[in-house]
Q: 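One structure, as structure tokens, below. Some questions next.
The chains referred to below are lettered A, B, ... by the order of the sequence lines, with proteins before strands, and numbering in each begins at 1. Atoms considered below: every heavy atom in the structure, side chains included; atoms not considered: hydrogens, waters and symmetry mates.
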Amino acid sequence: MPDQKQIPEYNFKKIEKKWREKWEVDKLYQPSLDKAQKPFYNLMMFPYPSAEGLHVGNMYAFTGADVYGRFKKMQGYDVFEPIGLDGFGIHSENYAMKIGEHIKNVSKRSEENFYRQLHQMGNMHDWSRTVETYKPEYYKWTQWLFLQLFNKGLAYQKEAKVNWCPSCKTVLSDEQVIQGQCERCDSQVEKKELKQWFFKITDYAERLLKNLDWIDWSEDVKTNQRNWIGKSEGATIKFPISNNQHSTKSKEDVLILHGWEDTANLGFIPETKKHLEKLGHRVLAFEAPNADAPVFEEWFEFIEAKIKENKLKDFSIIGHSMGGHLALKLAEKYQLKKLVLMAPVGFSSSAKYFGQFQGEISPEGLEVFKKFQDRKLDVQKVKSNASSIQFVLGEKDPWITAEIRNFYRKNFSESDFQVLKNKGHLSEDEGVKKVPELEALFGTALEVFTTRPDTLFGATYMVLAPEHKLIEQHKKEIENWAEVEKYVKQAKRKSEQERKEEEKEKTGIEIKGLKAINPVNQEKIPIWIADYVLAGYGTGAIMAVPAHDKRDWEFAKKYSLEITKVVKEIVEKSKSIKEECFSGKGAVINSEFLNGLKTDEAKQKIIEWLEGKKLGKKAIDYKLRDWCVSRQRYWGPPIPIIYCEKCGQREGLQGAKPISVPEKDLPVELPEMEDFLPEGKGKGPLAKNEEFVNTICPDCGAPAKRETDVSDPFVDSAWYFLRYPSTDFDNEAINKERSKKWLPVDSYIGGREHTVLHLLYSRFITMVLNDLKYIEFEEPYKRFFGHGLITKDGAKMSKSKGNVINPDEMLEKYGADTVRLYLRFLGDFSQGGDWQDNGADGMARFVNKLWYTFFELSGVGKGVKKTQMVDKTIKVIGEDIEKLSFNTAVARYMEFVNWVRENAADFNQEQVQKIKETLAITIAPMAPHIAEEFWFSLKKKKSIFAEKWSTYNKDNIQEDQFELVIQINGKVRDRIEVSRDIAEEEAQKISQETEKIKKHLEGQTVRKIIYIREKLINIVV
RNA sequence: GCCUGGGUGGUGGAAUCGGUAUACACGAGGGACUUAAAAUCCCUUGAGAUUUAUCUCGUGCGGGUUCAAGUCCCGCCCCAGGCACCA
């Protein structure tokens, strides 16, 4: 052994500083984004800077991700490992308010502090490409992103009941409300009616869900997302309503339009009018001018005048033949909700179509017809506005040719059609006076969503959410209105206040005077109001099947409502349905034509039946809601919208028209404001800044006002990873070539708490940008890994408990390498771990020991025979790091060091060289500074991270001997060293001949011997 | 209540396919070095018997499958995180 004094002391402060500076100067961690041969994008969730600086949890996550990045770099990849700050948002702003300082100053300080700390951890970040969400050069593109969504119709405003945090004085998305409390400040969240900006994430629900089937993420994260999206398949079913006066008072306005050569006084029109009026609707049927030779424009103007005159709003149209055509055009313009098209003639202008009528009508007539028909229709627009479009066609209608039929079928769904047998054009000459199907469409019905249509026969009552429209609509028919009103008011208040304190006991009240009719058996069943039914899900009303739904069962028990069993368990239970509810699958009973079917079959059959009768249809519902992105705060990117009154007026809108800020005018800079505090009146602080608010309309130049809300910080973080590779482009958000080379992200490591919100939002934004052709992939992260949390002595770290580990102190005391190693060693990366101070001390001792072991190796021995340990170590540590199983990788390394120490005196020169290289390489990802120090002590020229991870010799790993375990009846009785290629018979033989085994086998008969190659042998006696 | 993890020595935690349970550490005990202490090094360390060769019991609890179960199946209990009257 060399003289101890010659070995330099382990001075981590000096070493770590030295290498960090050298790496920086050499730009070791700045891959060429354009020329890289093997790009690898190693991403970690950027932190949001808080006042306290980095948390040890941040350090745990970042250094863990860095181990992987460094490993990949040593495997020859061009690793890009960027970092930035998620600095916009309520969190930072609240802190600034608390200490009474301006957010801008606080942010500047936080940035310096964070970046200093991040440097000290020894990560291989590319510091030339940081992203800070609060800098104009970044949020310019966040605003651009908003406009992309706005222009595609995916960002819209609506008046909505939103979650309002009275303490943060802003709205929160559903996702940010945790058990009725604000995610950031824990105050009780209230409901407030405000106009807000939303992103239409629900349009992407199915895709967000479907892609989960193939993306390579851990199952638990995927399950979380699936649950959040919450898809349910079932049906909507309409239950007609009847009352004691036999007439309903719903106030629908219905317009009936007749066709060519027709009048409002003939055919089905008078009958239908009479019938609908009886149902309480206001029905208008006009005589259109020149019915014999109609001109489209003339009719259209005439009807528009009538609409204005009669102040029609949200009306429905029944249109016959050419009137059907007119109805569709009106629907396009007035965004109508309900349409009934009786034998409408189509929107075809092809010569072929008209050719069919040659000879049937006069040439003049054909001209009239042609002119009337020749129009374009935006089918998508009509469909997206309408909630119900019904076609009623005669089976033998000569005017509805195959071509028209195909046009309809192509654009509308099968369930929108009713075909009447043996009927023609449904006109007067056929004597069509009554169309019973119309009654169903305009009678008052209560629509429900259910996932169990198979239990329809068991629906014994209905329940409405307290907010349901029907309650107010039927006010006059409700006999116990006073009671009902009281309950509704109470329930609404309750949802705003302490719901938590409420018992889970269900409450409700019956609506007297109204009944629902179960469409399968015509039974009249009571209607209740109860707050266990939510207004926001499904249709806000349910059919209650107490026998087979737990909630309904509890409610029925409490209020003694009827319980009808319609599903029989496969294994019959001893308890009756009165004692216990059954919500599983089984065989259908008490259900007429469904009897005997399995529940799944019954679902199919009843849906078909309902669709045939127009009483319901297959439906899918999601729990996912649209993403509310506006915030009434200061510290965020202003939403780049300008409101112009003049443009609004010109286009006949109700108020100002929202117009996007032209791209050349971005960013809309956040103005300097001394007073950035929110006032809490539903408007953001920017509204106080006249200079900011007042602007001119980019379209018409008239005076206009800016939007004063800023966007949710989750928008900032939903796309930051797309920006990193393009930070040097100031003329585009995402450079195509760069993103093609570097994206999607190869490895994304972050906290489990973000498995729903952030990941879902960034997936959504990625899909949108993919649809807009800015990027060529629709899933942002190839691999996501959620790491666990660090606790302190088994408890969550928190300031109030005083058990917070300060990374600065740890780095000062132990150095980055030791802390990095200890954090890796704590436990499984996905599970987190428990920080124990003496554990960190232990790691410091180990690093010190490693230091001396390395430098004391002299190589004056004769050489060690078995060096498998070297190859094995390279192999298993590599495999462990690839699996992100860092704790075992460190353990393996310790074993290796122990082995080196045991044999230290015996290694020869050649072996020492190999061992020293291995010691440096296998620890390098985890403890980069000490590894680099080791490496250069071996007279190397290039950094260890520019070198390849060692390869191991496969043949050298296998030992030629192994320990054969001998069991008797599964109990270990002996172990012997045998040759690796021992034959089974041989093994059987010698295993029975050892002293111990002989003793155990005395007086026993061997019944069976099981041999597991290279492992064990089990003798059964 | 539902979903997802998890329950292994005094502690943090290991253990591909069912195949030697407790790797690697921490802590504790004993010893060496030292005037002494620290540091370092060596030994012991799941529990209980014991003739110190060895035996029995042991992975939250109760059953089962198997030559063999921490691992698979059935039924429970507990802890952590998420969701929570979503029809």
Q: Any ion pair linking A/K998 and A/D974 (charged N to carboxylate O, less than 4.0 Å)?
A: no
Q: Nearest 0.5 Å, what's the CZ-OG1 distance between A/R892 and A/T888?
A: 7.0 Å
Q: Would you compute the distance between atom CG of A/D549 and atom CZ of A/F582 and round it to the nearest 0.5 angstrom?
A: 13.0 Å
Q: Between B/rG10 and B/rG27, how many Å separate the two C1' atoms, rounded to a whole number?
A: 7 Å
Q: List the protein contact pattern of nucleotides 4-14 of chain B with one symbol per nucleotide (5' to 3'): B for base contact, S for sugar-phosphate-only contact, - for none; contact means a heavy-atom distance under 4.0 Å.
A: SS-----SBSS
Q: Hey, could you give me the CZ/CG distance between A/F825 and A/L823, rounded to the nearest 0.5 Å?
A: 12.5 Å
Q: Could you check how far CZ of A/F896 sits from P of B/rA25, rounded to whole Å?
A: 14 Å
Q: Using a 4.0 Å heavy-atom cut-off across all strands, classify A/R901 as base, sugar-phosphate, or nothing.
A: sugar-phosphate
Q: Hey, is B/rG62 sitting syn or anti, using the within-90° cutoff around 0?
A: anti
Q: Expressed as a whole number of angstroms, how long is the span from A/N898:CG to B/rC41:P?
A: 10 Å
Q: Quickly work out the A/K875 NZ to B/rU16 P distance and round it to whole Å.
A: 13 Å
Q: What's the gap between B/rG7 and B/rU56 when it is taken at their C1' atoms, as a whole Å value?
A: 25 Å
Q: Using every non-hydrogen atom in the two residues, find where A/M926 and A/R820 come nearest and quote the distance to one decimal.
A: O-NE, 2.9 Å
Q: Would you call A/D220-A/R752 a salt bridge at under 4.0 Å N-O?
A: yes
Q: Just the dot-bracket of RNA chain B, please: which string comes out with Watson-Crick or G-U pairs under 3.5 Å, [ ] for crossing, | for another strand?
A: (((((((..(((......[....)))((((((.......))))))((((....))))..(((((..]....))))))))))))....
Q: Please give the distance between the P atoms of B/rC17 and B/rC73 as a whole number of Å.
A: 13 Å
Q: In whole Å, what separates the C1' atom of B/rC57 from that of B/rU22?
A: 15 Å
Q: Return the value, rounded to whole Å, for the distance between atom CD1 of A/I529 and atom P of B/rA87.
A: 22 Å
Q: Take atom CH2 of A/W528 and atom P of B/rC85, then tell me their distance rounded to the nearest Å.
A: 21 Å
Q: Rounded to whole Å, please give me the gap between CZ in A/R975 and P in B/rU20.
A: 10 Å
Q: Which part of the nucleic acid, if any, lies within reach of A/S830 when heavy atoms closer than 4.0 Å are counted: base, sugar-phosphate only, or nothing?
A: nothing
Q: Just one of A/W528, A/Y461, A/W553 clears the ring pair (Phe, Tyr, Trp, His ring centres under 6.0 Å) bar with A/Y559, so which one?
A: A/W528
Q: Pick the P atom in B/rU66 and in B/rG13, then give their distance to the nearest Å.
A: 36 Å
Q: Using whole Å, what does the distance between atom P of nucleotide B/rG1 and atom CG of A/D549 come to?
A: 17 Å
Q: When the P atoms of B/rG9 and B/rA14 are considered, how many whole Å apart are they?
A: 14 Å
Q: Say we look at B/rG46 and B/rC24: how far apart would their P atoms be, to the nearest angstrom?
A: 13 Å
Q: Can you tell me how far P in B/rG30 sits from the matching atom in B/rA21, rounded to whole Å?
A: 32 Å
Q: Under 3.5 Å, is there any donor-acceptor pair linking the side chain of A/K1008 to the base of B/rC67?
A: no
Q: Check the chi torsion on B/rC41 and let me know: syn if it falls within 90° of 0, anti if not.
A: anti
Q: Determine whether more than 12 heavy atoms belonging to other residues, nucleotides or ligands lie under 6.0 Å from atom NZ of A/K557.
A: yes
Q: Answer whether the closest heavy-atom distance between the side chains of A/Y893 and A/L850 falls below 4.5 Å.
A: yes
Q: Take atom CG of A/L1016 and atom P of B/rU20, then tell me their distance rounded to the nearest Å.
A: 7 Å
Q: Measuring from A/D600:CG to A/K585:NZ, what's the distance to the nearest 0.5 Å?
A: 4.0 Å
Q: For A/K883 and A/A541, find the nucleotide of RNA chain B closest to each by heavy atoms; which residue's nucleotide sits nearer the 5' end?
A: A/K883
Q: Hey, does A/V221 reach any base, or is it just sugar-phosphate, or nothing, if we go heavy atoms under 4.0 Å?
A: nothing
Q: On RNA chain B, does the nearest nucleotide to A/K231 precede the nearest nucleotide to A/K996 from the 5' side, or the other way round? Give the residue.
A: A/K996
Q: Would you please classify the geometry between the A/F829 ring and the A/H787 ring as parallel, tilted or perpendicular, with 30° and 60° separating the classes?
A: parallel
